[in-house]
Amino acid sequence: MHIDVLTLFPDYFTGPLDASLLGRARVRGAVDVGVHDLRRWTRGVHNTADDSPYGGGAGMVLKPEPFFEAVDDLYGGPQDRPRTVVLTPRGRLLDQRLVEELAGEPGLLLLCGRYEGIDERVHRGLAHDEVSIGDYVLAGGEVAACAIIEAVVRLLPGVMGNVESGTDESFGEGLLEYPHYTRPPEYRGMAVPEVLRSGDHQKVRRWRREQAIARTREVRPDLYERWRGDAQSD
Ligand code: 6SD
């Protein structure tokens, strides 16, 4: 998969893209990420990317031209343009279903805003999707773009060593994850549940499922109700 990012802060991406799973995925060629500095497509001595909003109000708005011209330069034509996502708190909430959908694309283009946001014509003219990573306000789209990249790339073929770890976890079945333990068997007065050390795999499976259900019900009643409505109807 090829992922392009348009941002005023390309430095934001160097750490996350080089470290750990993402770094390995790139070295292996499972994904290739192009982080493009929006300034490259700005004009004038000041390389201005933003301007004051029509209608007045606080803050600045990112101008449309750098985004459109970047897209013109980066891709051959409309047929060649990847699925384009604007990160914005007003977008569709990112969930594992959308992550899976995005992971099925041959390429993605992620547009990162700053300040008050991006001129609406970029949303209308370039974006296929408007996506939010949660109901809180960030200072720009970069952290949200990193979250999408990491969630998508870990699903790509050959990225995760253990095939099962891609699915057998939170949200795979619509439940939160069960608790994990490793050695030592007791630490600072906290013991590993006996069942996990019993060697009885069926009992372990049952316990993990009960834990996942109880946890989901406790901290995410919304997910719990959906899970009860979904798979449990059969
Ligand atoms: C100004 C942005 C872009 C500002 C954002 C996305 C989410 N889920 N919270 N905040 C955000 C994105 C904020 O540009």
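All ligand and atom numbering here is 1-based and tracks the order in the structure. This structure is a prediction, so every number in the text was calculated from the model and none was measured.
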Inset, instruction - Could you tell me which non-hydrogen atom of Leu93 sits nearest to which non-hydrogen atom of Leu98, and how far apart they are? - result: O-CD2, 4.4 Å
Inset, instruction - Decide yes or no for Asp50 and Lys63: does some side-chain heavy atom of the first lie under 4.5 Å from some side-chain heavy atom of the second? - result: no
Inset, instruction - Check whether any side-chain heavy atom of His2 sits under 4.5 Å from a side-chain heavy atom of Asp4, and report yes or no. - result: yes
Inset, instruction - Might you list the protein residues in contact with ligand 1, defined as having a heavy atom under 4.0 Å from one of its atoms, sorted by chain and number? - result: Leu87, Thr88, Pro89, Gly113, Arg114, Tyr115, Gly117, Ser132, Ile133, Gly134, Tyr136, Val137, Leu138, Gly140, Gly141
Inset, instruction - Classify the side-chain pair Glu130/Thr88 by whether it contains a donor and acceptor separated by less than 3.5 Å. - result: no
Legend entry - Polar side chain donor-acceptor pair, His123 to Arg90, under 3.5 angstrom: yes
Inset, instruction - Using the six-membered ring wherever Trp is involved, compare the ring planes of Trp41 and His36 and label them parallel, tilted or perpendicular (cut-offs 30° and 60°). - result: perpendicular
